[in-house]
Structure formats: C-alpha cells, structure tokens
Amino acid sequence: MTATRSTNHDDRDVNHVDQIFALYDTSELDDIARAVDLNADAIYTWDYERSRPALSRLYEKAKTSQWNGATDLDWSIGVDQEKVATGLMSAATDRFRQLAGAEDSPFVSWGEKEWLQVGIEMQNWQLSQFLHGEQGALMCTGLVTATTPWIDAKYYAATQVVDEARHVEVFARYLQDKLNGMYPMNPNLGSLIDDSLADPAWDVTYLGMQVMIEGLALAAFGAIHMVTPEPLLKQLLRYVMSDEARHVAFGVLTLRDYYEGLSAAEIRYRQEFAFEAAERLRNRFYMIEVWDRLGVDSKQVIKVMVDNPPPQQTDFQQMLFSKIVPNCKKLGLLDAGDGWLRQKFTELGIIQFEDFADTSDEYERFALGEDVDVSA
Ligand SMILES: [Fe+2]
Ligand SMILES: [Fe+2]
C-alpha cells in the first residue's frame with residue numbers, strides 16, 4: 001500500500017500569511033520533553049557483503065575524521081554578544097530592516113538600539129534552532145541504523161550518531177556558556193523532524209533529515225561561518241560543517257539508487273514530502289518567536305514582508321536552498337512524474353538552484369585541515 005500525504009497542495013498559496021502561520025500552535029513549546037510515535041520496522045540483514053563502495057568510502061572517511069568537542073575548540077574565548085550582533089548587523093537584519101519604509105511597517109520608528117536587540121535575539125534564536133535540529137538529527141540517525149536494510153548504510157549511520165551527539169554537545173555548551181537566552185524548537189522545524197521520525201518508510205527519514213534539514217543546515221552554517229566575527233563560533237561551525245557535508249552525501253548516495261526502483265505513486269509521496277519540508281524550512285526563517293519575544297506583532301511583520309518582498313529576502317532564500325534543490329534533482333525527484341516538484345519549487349522561488357553542485361561527492365572539500373573556501 002502506498003501512503004499519501006494528507007495536505008491538499010493544489011488549493012494552498014504558500015505565500016499567504018495564514019499558511020505561513022499554519023503550524024503555530026505554541027501550546028507544546030514549553031514542554032520539557034515531547035514524544036513521537038515510531039512506525040518503521042527495525043530490519044536485520046544477513047547480507048554482510050560490502051556491496052556499496054560509495055557508502056563504504058564514506059564510512060572509512062568518517063572513522064578518520066573524528067574530533068573532540070571538549071578539547072579541539074577553544075572554550076576560553078569570551079563572547080561579547082553585543083559586539084557580535086553589531087558586527088553581524090547588516091548581514092543578519094537587512095531583510096527585515098528593508099521593511100522599515102513599507103506601508104504599515106511595524107519598524108517605522110525603529111533606531112539602532114532596537115535593531116541591536118533584534119541582532120542579539122536572532123543569535124539566541126538561531127543557535128537554539130541549530131541545537132534542537134542537532135538533537136533531531138541524533139534521533140533520526142539512531143533510528144536509521146535500525147531501519148535501513150543495507151549493512152554499509154548501518155555502518156555509516158553509526159558514525160553519524162557519534163557526530164550528532166558531538167554537535168548537540170557543542171551547540172548546547174555554546175548557548176549555555178556564551179549566549180544569554182534559549183528559544184524552544186520552532187514548530188516548522190519540530191513538525192518536520194517528527195514527520196521524518198514517524199514515517200513508516202525508512203528512506204523518508206533520510207529524505208527529511210539528511211537531504212532536507214541537513215542540506216539547509218550545511219548552507220546556513222556556511223553563510224554564518226563566513227560572516228560571523230566571533231572566533232569560537234567560526235571554529236565550531238567549521239568543525240561541524242566537515243561532518244555535515246558527509247551526512248548530506250550519505251543521504252544522497254543512499255537514496256539515489258533506491259529511488260530508481262520506486263513506483264510513480266511512491267515517488268509522488270516523496271516529492272510531496274520534500275515540498276512540505278522546503279516550505280516549513282523556509283517558514284522557520286521568518287523567526288516569528290523573535291518578534292513575539294520582542295513584543296512586535298509578528299503577523300504584521302510577515303504580512304508586510306510578503307506584500308513587499310525585500311531583495312535581501314531573495315538572497316537569503318538563495319543561500320538556504322542552494323544545496324537542497326540540486327540534491328533533489330540528483331535523486332530524480334524534481335522531474336519525476338509530471339514534474340510536480342519542479343512546479344512547487346518554482347512557486348517557492350527556489351528552482352534557480354537546480355544546477356548548483358550537488359553534495360554527493362562534495363564532502364572532501366569540507367574536510368578539516370585543508371585550506372578551502374567552504375562558504376560557496
Ligand atoms: Fe549535526
Ligand atoms: Fe548531521
């Protein structure tokens with residue numbers, strides 16, 4: 001039996017304010033823990049043959065690329081959050097500052113003091129989402145070790161579990177020791193991780209986490225690594241990115257062959273999943289919780305932004321989706337069937353990245369110890 005996604009995509013305008021707020025039931029946000037029901041079977045394999053050389057190479061690479069978050073990062077570095085926010089100011093806040101002159105803008109009377117506060121809260125929010133996303137990656141990958149039917153994928157996934165534990169450790173320590181406030185998990189990110197964990201099909205966990213969430217994270221980490229003036233965060237992100245590039249490659253290499261054998265209906269389900277994931281990942285970056293915390297009418301912010309899309313908003317999306325779209329193309333998801341996902345990515349304004357480099361063999365470029373530009 002082939003499952004179908006429950007959302008009717010044809011009647012929805014992905015750029016309408018109500019759709020952007022659709023997942024905002026904040027009742028769960030302050031709970032200390034949340035539970036997700038799992039539906040996939042844990043699969044033994046008796047085929048120990050190393051029949052997938054690309055995954056095998058990735059596994060060997062992972063074994064020799066381990067680092068220690070407690071000793072390889074210089075935790076003695078002090079972080080002056082105001083100074084960092086000032087240094088980041090235009091890169092972080094421009095796409096919202098450009099709304100100041102728009103009709104009904106909530107930012108009309110704002111000055112440097114208010115924007116500095118936004119900069120500080122954005123850092124708290126951004127790092128909090130990275131932290132919660134890393135915990136989601138830890139759980140998704142732990143699940144994948146059990147659900148993937150291939151021995152080479154089980155081996156590799158086990159190394160990723162260690163990587164993700166290290167990422168949770170370093171982001172939690174950075175937030176607790178160096179910043180001044182944590183945010184709960186964003187509902188768009190949370191619902192996407194929940195769906196990735198709960199899907200009965202083993203490959204959908206990969207699609208949600210390794211291809212969509214980690215593809216976006218790799219691009220976002222790269223952008224922040226490039227602009228942040230803060231040396232500890234720069235170092236931390238550089239180390240994390242060296243692992244994340246392998247993780248995205250793992251997703252693409254695993255699913256590429258598998259998707260060739262799926263039926264049209266099964267592919268359509270995955271196209272819809274990828275689209276819903278992209279939409280939620282985009283909506284996350286409206287940073288609704290930041291406006292709420294600062295006492296700004298968040299619906300008004302988003303409405304003004306949707307009505308007057310600032311050029312920096314387009315640049316920002318460009319950066320976020322520059323890995324996801326080519327990776328979906330590599331998996332055959334973009335044009336399968338009637339090209340449904342191509343149409344949907346066009347509506348989201350991200351189709352122009354389809355011919356960017358995919359991540360299946362890009363991980364060597366991100367390896368530690370090499371003098372490379374990791375921001376591209
Ligand atoms: Fe990670
Ligand atoms: Fe990862």
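When a ligand or atom number is given, it counts from 1 through the structure's own listing order. Throughout, numbering of the chain's residues begins at 1 and tracks the sequence.
The name of the N, O or S atom in Glu134 nearest to the Fe ion (ligand 1) is OE1. Take the N/O/S atoms of His167: the one nearest the Fe ion (ligand 1) is ND1. Looking at Glu164 and the Fe ion (ligand 2) together, the shortest N, O or S contact belongs to OE2. Taking the N/O/S atoms of His247 in turn, the shortest distance to the Fe ion (ligand 2) belongs to ND1. Considering just the N/O/S atoms of Glu214, the one nearest the Fe ion (ligand 2) carries the name OE2. No other N/O/S atom of Glu244 lies as close to the Fe ion (ligand 1) as OE2 does.
The side-chain heavy atoms of Phe356 and Val325, taken from C-beta on, include no pair separated by under 4.5 Å. Side-chain contact between Met212 and Lys323 is absent, with no heavy atoms from C-beta onward closer than 4.5 Å.
For Phe250 and Tyr206, the gap between ring centers is short of 6.0 Å.
Within the structure, salt bridge (Lys or Arg N to Asp or Glu O under 4.0 Å) pairs that include any residue of residues 104-115 comprise Arg97-Glu112 (at least two apart or interchain).
Residues Tyr239 and Asn68 bring no donor and acceptor atom of their side chains to less than 3.5 Å of each other.
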